[in-house]
Colleague: 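There's a structure below that I have some questions on.
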Protein chains: 2
Amino acid sequence: MEEYKKRILLVEDDPNFGTVLKDYLMMNDYEVTHAKNGMEGFEKFKKDDFDLCILDVMMPYKDGFTLAKEIREKNTDVPIVFLTAKTMKEDVLKGYKVGADDYLNKPFDSEVLLMKIKAIIQRKATETISDSKQFEFKIGRFDLNSKLRFLKFDGGEPVKLSPKENELLRLLALHENDLMPRELALTKIWRDDNYFTSRSMDVYIAKLRKYLKLDEKVEILNIHGEGFRLVINN
Amino acid sequence: MEEYKKRILLVEDDPNFGTVLKDYLMMNDYEVTHAKNGMEGFEKFKKDDFDLCILDVMMPYKDGFTLAKEIREKNTDVPIVFLTAKTMKEDVLKGYKVGADDYLNKPFDSEVLLMKIKAIIQRKATETISDSKQFEFKIGRFDLNSKLRFLKFDGGEPVKLSPKENELLRLLALHENDLMPRELALTKIWRDDNYFTSRSMDVYIAKLRKYLKLDEKVEILNIHGEGFRLVINN
DNA sequence: CATTTTTGTTAATGTAAGGTTAAAAGGCTG
DNA sequence: CAGCCTTTTAACCTTACATTAACAAAAATG
């Protein structure tokens, strides 16, 4: 049913583990590009079009998170999976901030690996095919249509949103009631995470708050140093 | 390509049956720790990191359910399987209340046992991290959400926690009823262990105590020269 | 039992992050 | 290139946080 092999970018500095993993994936019908470090990984990423990136967290020179951020600046969609040592639970949070899709504990069960890979690629595929849900959100008494970029209150007159307003509100809605990490918005929407883009984002948060004031049950909360949270109180 | 053996904690008071089961599991490539009673089981559980717990229901001093509850308080994730003498419906119900993953009737088919074990470990491994549990703690009448950094009392209005407050309370909760060594908090949270970070930590302990005063059953005790202990009195 | 060490607690301070508004800079289109 | 929309930058203000100081109390020490 699949006409072409799915392409995986594997960035892993341990040559033994990397090679074994690559071979194993290839045996299971994936096309694998193996980069030995973050730098090389980024180069290869730019040159090609991948269905999935598997990044080792701990690598010399450029760690997996830094690489992930760079990848996200280029491509907001490609699934990213981290390889972490089993005991590093803090890694999980950090990965989540840069938009990780999943993580794998090293050493791991090869069967689990395959299942996860399949599930992630599959999920991504169905996401992109299935239409509306990605672009239409109910936010309290508001309706956001982020394809047409408007926001309606109580089914009344739609307010037009600018591209940035729209993307930001959409990202908040995707994380409704949950943390939307600052870093994630900056890498996904602004494609750069620095002081100015960060301040710019704050300006947009203020704008969105103004729109959302109409429904006092809806608010954007800040989590100091972490990000924002779109909450709908019942 | 299994890189490491799955670890099983087996708590079974019948020495004959326990030994046979242990040997059988080890023959099938599991690493098995065998405890002869609930008390010992809990001690061994705290000391190690297991992929599965198999608990006999009927044991002297501490039965399997009580043990399971204690294990759940420490770890919300580890799969637990009960061994019951025969199909006792009350047992089954009771077991699910404390988060049992499956049941095995004694005596049982060894093939079935292996299949179930495999399936359970597999299922657990496939679950993704996004499943909150890593960040949510129940502390007496409080709920700590350490991802969103708030503390709720009796499901009321959440109080925001600062990053340090949050990490410290989380670390205490991870060691609930147990010593959380000063040194551990300092190296993990402050990343430096000196006079000033130590005093800073004391300030945060005072802050946490203030929050926790609402539930008189919850307190942070000091163990002079050692660290702190978050106790929940019943 | 006096003295030192450790902990409890509150308040003050300095810095960083965020909230908000307005002005400047970019971009696009008629 | 004028006018409009969007985005960024600047400015100013407020809040949040972590640290340090200061003093009190408790615990250990010899």
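What you see is a predicted model, and the numbers here were worked out from it, not measured in a lab. Labels below follow one simple rule: chain letters A, B, ... track the order of the sequence lines, proteins then strands, and each chain is numbered from 1.
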Colleague: With a 4.0 Å cut-off, would you call A/Glu70 and A/Lys74 a salt bridge?
Modeller: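 Salt bridge: no.
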Colleague: Could you tell me from which nucleotide to which nucleotide of DNA chain D, 5' to 3', there is an atom under 4.0 Å from chain A heavy atoms?
Modeller: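 Contact boundaries, 5' end first: D/dT6 to D/dC17.
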Colleague: Is there any ring pair (Phe, Tyr, Trp, His ring centres under 6.0 Å) pair reaching into residues 153-185 of chain A, and which pairs are they, with sequence neighbours excluded?
Modeller: A/Phe142-A/Phe153
Colleague: Can you tell whether the side chains of A/Lys69 and A/Glu73 come within less than 4.0 Å, N to carboxylate O?
Modeller: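 Here A/Lys69 does not pair with A/Glu73 in a salt bridge, since their nearest N and O are not under 4.0 Å apart.
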Colleague: Residues two or more places apart in sequence or in another chain: which of them pass side chain to side chain donor-acceptor pair (under 3.5 Å) with A/Asp202?
Modeller: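 A/Asp202 satisfies side chain to side chain donor-acceptor pair (under 3.5 Å) with A/Arg182, A/Arg199 only.
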Colleague: Under the side chain to side chain donor-acceptor pair (under 3.5 Å) rule, collect the residues that match up with A/Asn177, sequence neighbours excluded.
Modeller: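 Partners of A/Asn177 by the side chain to side chain donor-acceptor pair (under 3.5 Å) criterion come out as none, since no residue qualifies.
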Colleague: Within the distance-only criterion (no hydrogens, no angle test), does the side chain of A/Asn37 pair as donor or acceptor with the backbone N or O of A/Asp13 below 3.5 angstrom?
Modeller: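 No.
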Colleague: Can a salt bridge be assigned to the pair B/Arg7 and B/Asp49 using a cut-off of 4.0 Å between side-chain N and carboxylate O?
Modeller: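 No, no charged N to carboxylate O under 4.0 Å.
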Colleague: May I have the distance from B/Phe228 (atom CZ) to C/dT6 (atom P), rounded to whole angstrom?
Modeller: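 Atom CZ in B/Phe228 sits about 13 Å away from atom P in C/dT6.
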Colleague: Strictly under 4.0 angstrom, non-hydrogen atoms only: write out the protein contact profile of nucleotides 23-30 of chain C, one letter per nucleotide from the 5' end, B, S or -.
Modeller: --------
Colleague: State whether the side chain of A/Asp56 and the backbone N or O of A/Met59 hold a donor-acceptor pair below 3.5 Å, judged by distance alone.
Modeller: no
Colleague: Just to verify, what does B/Asn194 make a side chain to side chain donor-acceptor pair (under 3.5 Å) with, not counting sequence neighbours?
Modeller: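 B/Asn194: side chain to side chain donor-acceptor pair (under 3.5 Å) contacts with B/Asp192, B/Thr197.
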Colleague: If an axis is fit to five pairs at each end of the helix from C/dC1-D/dG30 to C/dG30-D/dC1, what is the angle between the two, to the nearest 10°?
Modeller: 30°
Colleague: Scan for salt bridge (Lys or Arg N to Asp or Glu O under 4.0 Å) pairs involving residues 150-161 of chain B, sequence neighbours excluded, and state none if there are none.
Modeller: B/Arg141-B/Asp154
Colleague: Between atom CD in B/Glu165 and atom C1' in C/dT9, what is the gap in whole Å?
Modeller: 15 Å
Colleague: Please state how far atom NZ in B/Lys164 lies from atom C1' in C/dA17, giving the value in whole angstrom units.
Modeller: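 B/Lys164 atom NZ is separated from C/dA17 atom C1' by 15 Å.
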Colleague: Give the rounded distance in Å between these two atoms: CG of B/Leu186 and P of C/dT7.
Modeller: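 Result: 10 Å.
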Colleague: Looking at every strand, decide which applies to B/Tyr195 at a 4.0 Å heavy-atom threshold: base, sugar-phosphate, or nothing.
Modeller: nothing
Colleague: Residues in side chain to side chain donor-acceptor pair (under 3.5 Å) with A/Thr33, at least two apart?
Modeller: none
Colleague: Using the salt bridge (Lys or Arg N to Asp or Glu O under 4.0 Å) rule, collect all pairs that involve residues 164-178 of chain A, keeping only residues at least two apart or in two chains.
Modeller: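 Of all non-adjacent pairs touching residues 164-178 of chain A, those that pass salt bridge (Lys or Arg N to Asp or Glu O under 4.0 Å) are A/Asp178-B/Lys147.
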Colleague: Does anything in residues 196-219 of chain B come within less than 4.0 Å of DNA chain C? Heavy atoms only, and list the residues if so.
Modeller: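 Output list: B/Arg199, B/Asp202, B/Val203, B/Arg209, B/Lys210.
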Colleague: Suppose we screen for salt bridge (Lys or Arg N to Asp or Glu O under 4.0 Å). Which residues come up paired with A/Asp63, at least two apart in sequence or across chains?
Modeller: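 With sequence neighbours excluded, A/Asp63 shows a salt bridge (Lys or Arg N to Asp or Glu O under 4.0 Å) to no residue whatsoever.
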